[in-house]
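Reviewing the structure listed below.
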Amino acid sequence: MAFPTKKLIDDPIDVVTEFIEGLVETYPGLQYLDGFPLVKVVLRADVSAATYDKVAVISGGGSGHEPAHAGFVGEGMLTAAICGDIFSSPPVDSIIAGIRAVTGPKGCLLIVKNYTGDRLNFGLAAELAKSEGYKVETVIVGDDCALPPPRGIAGRRGLAGTVLVHKVAGAAAAAGLSLDDVAAEAKHASEIVGTMAVALSVCTIPGQVTSDRLGPGKMELGLGIHGEPGAAVVDIQPVNVVVSHVLQQILSTETNYVPITRGERVVLMVNGLGGTPTMELMITAGKTVPKLQLEHGLAVDRVYTGSFMTSLDMAGFSISIMKADPAILQRLDAPTKAPYWPVAADGNHPPAKIPVPISGSRSAKTDEPQSQPQQLNEQGQILEVAIEAAANAIINIKDNLNEWDGKVGDGDCGSTMYRGAKAILEDIKNYPLNDAAETLGEIGSSIGRSMGGTSGIIYTIFFKAAHSHLKESSHSGVTSKQWAEALTASIAAVSKYGGASAGYRTLLDALIPASLVLEEKLNSGDDPCTAFILSSEAALAGAQSTVEMQAQAGRATYISAEILSTVPDPGAMAAATWFRAAALAVKEKHES
């Protein structure tokens, strides 16, 4: 079955040259030779053959594998990359032009993937360059481990492990080594790396239709980077199973493709094939490392995860394993300005996970669970009755809140508040009620654990802000003025992070009037209990006034004014209800 594809291109014939133009515009350290369309060569902008005093490292091949190879041009890696057309080896004239552009007296190393076209074209270019007086060495990379040992002359295909060879050779050249020594290090690297690829889809060549030869529910094992068929088509398996199979193939003692045995150290590269999300590549890496450690007895020194050598838009990945030793790690960790080398992956790994930090107030205490003080002081007794009254009032109004919210929201305001209230009543036995600040902090934790949704976050912020404000006086009695200030601070925090203010038809339309009245009455010398009762009446009046407000926050903003005018805001009514219940409980406690 074939189907048309959508691509962000103009003329399919121009995709490679236009890619090069965009790459060079993006990275100021790169240039290209002015020889389009035949000569497509990306090179370091700071290198000239006339003055370059180090070995030039050159690679390339057919395009469609980006960022390889041009994305790895830069100091410490490739000196130049020769780009062919999509999945086509670059012509000899293009290769020889690249050699002439960057090769100085120390010569150049050609790193060539093991495909017949690449071997022939780069080979002829090397011979022509030698006839012009250039020193040239060639290293062929064939890291494919998917297929049985070859009987013919084709050999193993060059895959993503080639990028690791680029890095080793580039670092050796940057260190000033001779051509022979750079070539020797590159050859050694090519002999200790193995790769296998897995695909969920075939790739789309620009200008052509995509053929889904795999069919639904199938995946391909051991394919190359040009969309050619792999070793087998199988049912899609969980990534854990696929990784196990790939590692078995690469590290097989029967084929002995890579000289890696238990107890040795390795480098891992997880390479996306072009259409695989970063999340899936990281999942693959996370599955691969412990399998290498536990199932194969290998220490993993470096992990490189990303898209390094792709196959256009193919969905899938390849895994490359390279034997590690101090010399290899030194080359891989050496600095480079190649734009697509993962510069943050060098160095030894610290532990993968560390403990979750806890608050300073908790860390200073014992690990034993908190519990209510054996003897409550006057403040603790008042807090207890106020909290219980507020929570029970919310439980009693649950159905009303859901009914109102069903008309202006998603119908769960009562259920959400109910969960928070039940959690508070369950946890109150562990609240340090003699410490007002810490008690408010614990209420916030109970709500954050149980309520969920926007309301849960808002009330967690509300009580945590009050906790922070009262903390300085948490070991002595909190005055009525400090309670009023804590309420003001909580309202400010909710407004800051939630974005609402007075008149937005939210819980703040109950709490802001309450705060203003409480502050006013306390400043005028009223008894604190009386001030609390009057402020709770203001909260109720404010909540009821939301019937006349147009919503400016939450889901109610999508509801017509006609419907909004039939019910008060459920969040405001919930706030007024618990505030009023707490005030009445405090008054009753004082009178008893």
Side-chain angles (χ1 to χ4, degrees), residues 358-395 417 419-451 455-494 507 511 514-515 518 528-529 531-532 535-536 539 574-575 577-590:
I358 60 175
S359 67
S361 60
R362 286 292 188 88
S363 62
K365 301 177 181 180
T366 67
D367 291 333
E368 297 179 3
Q370 290 202 42
S371 60
Q372 198 178 96
Q374 292 184 352
Q375 184 71 35
L376 293 180
N377 59 23
E378 181 181 2
Q379 173 186 263
Q381 295 175 27
I382 294 173
L383 265 178
E384 183 179 42
V385 298
I387 292 168
E388 290 178 342
N392 282 314
I394 289 296
I395 290 172
M417 296 294 296
R419 288 195 299 271
K422 292 291 286 186
I424 289 170
L425 291 177
E426 174 65 26
D427 295 346
I428 193 172
K429 62 181 179 293
N430 296 321
Y431 290 169
L433 293 168
N434 289 343
D435 186 331
E438 291 301 324
T439 296
L440 293 183
E442 292 300 319
I443 292 174
S445 297
S446 297
I447 290 172
R449 172 179 54 81
S450 62
M451 276 180 65
S455 296
I457 293 292
I458 287 175
Y459 272 107
T460 302
I461 290 172
F462 181 89
F463 283 103
K464 291 295 186 180
H467 162 259
S468 297
H469 192 83
L470 290 181
K471 198 169 183 180
E472 291 184 2
S473 56
S474 63
H475 296 291
S476 60
V478 180
T479 66
S480 56
K481 184 177 180 181
Q482 289 169 331
W483 278 113
E485 291 171 347
L487 176 60
T488 300
S490 295
I491 291 170
V494 170
L507 81 166
L511 295 176
S515 176
L518 182 61
C529 282
F532 197 1
S535 69
S536 73
T577 297
W578 67 256
F579 196 91
R580 175 72 171 165
L584 292 173
V586 170
K587 179 183 178 183
E588 183 179 348
K589 181 69 176 176
H590 271 286

| message | Can you confirm whether S535 sits close enough to F532 that some side-chain heavy atom of one is under 4.5 Å from a side-chain heavy atom of the other? | response | yes

For L470 and Q482 the tightest heavy-atom approach is CD2-O, 3.7 Å

Value for CH2 (W483) from OG (S480), rounded to nearest 0.5 Å, stands at 11.0 Å

- Please say whether more than 12 non-hydrogen atoms of neighbouring residues, nucleotides or ligands are located less than 6.0 Å from CD in E588. no

Test side chain to side chain contact (heavy atoms under 4.5 Å, CB included), reference N434, set L383, T439, N377, output is N377

Is any side-chain heavy atom of V494 closer than 4.5 Å to one of Y459? no

| query | Can you check whether I424 reaches I394 side chain to side chain, under 4.5 Å on heavy atoms? | reply | no

Closest heavy-atom pair, R580 versus S536, reported as atoms and distance to 0.1 Å, is NH1-OG, 3.0 Å

When rounded to the nearest 0.5 Å, the distance separating OG1 of T460 from CD1 of I443 is 11.5 Å

request  = Would you please classify the geometry between the F463 ring and the W578 ring as parallel, tilted or perpendicular, with 30° and 60° separating the classes?
outcome  = tilted

Rounded to the nearest 0.5 angstrom, the CZ-CG distance for F462 and L487 is 5.0 Å

- request: Kindly say whether A466 contributes a backbone atom to a donor-acceptor pair with the side chain of S490 at under 3.5 angstrom?
  value: yes

So CZ of R419 and CZ of R449: to nearest 0.5 Å the spacing works out to 12.0 Å

Check: Mind checking whether K589 and E378 have side chains closer than 4.5 Å, heavy atoms only?
Finding: no

Of L440, L433, I382, N392, the one forming a side chain to side chain contact (heavy atoms under 4.5 Å, CB included) with I387 is L433

Nearest heavy-atom approach of C529 to H590 is SG-CD2, 2.9 Å

For A489 and A465, the nearest pair of non-hydrogen atoms, with its separation, is O-CB, 4.2 Å

Pairwise side-chain contact, L518 with S515, heavy-atom cut-off 4.5 Å (strictly under): no

#### Entry: Side-chain heavy-atom pair E442, D427 within 4.5 angstrom cut-off
no

Here the gap from I447 atom CD1 to S455 atom OG, rounded to the nearest 0.5 Å, amounts to 10.0 Å

Discussion item. Within the 4.5 Å heavy-atom criterion, are S446 and M451 side-chain neighbours or not?
Written reply: no

Correct closest heavy-atom pair for H467 and E438 would be NE2-OE2, 3.3 Å

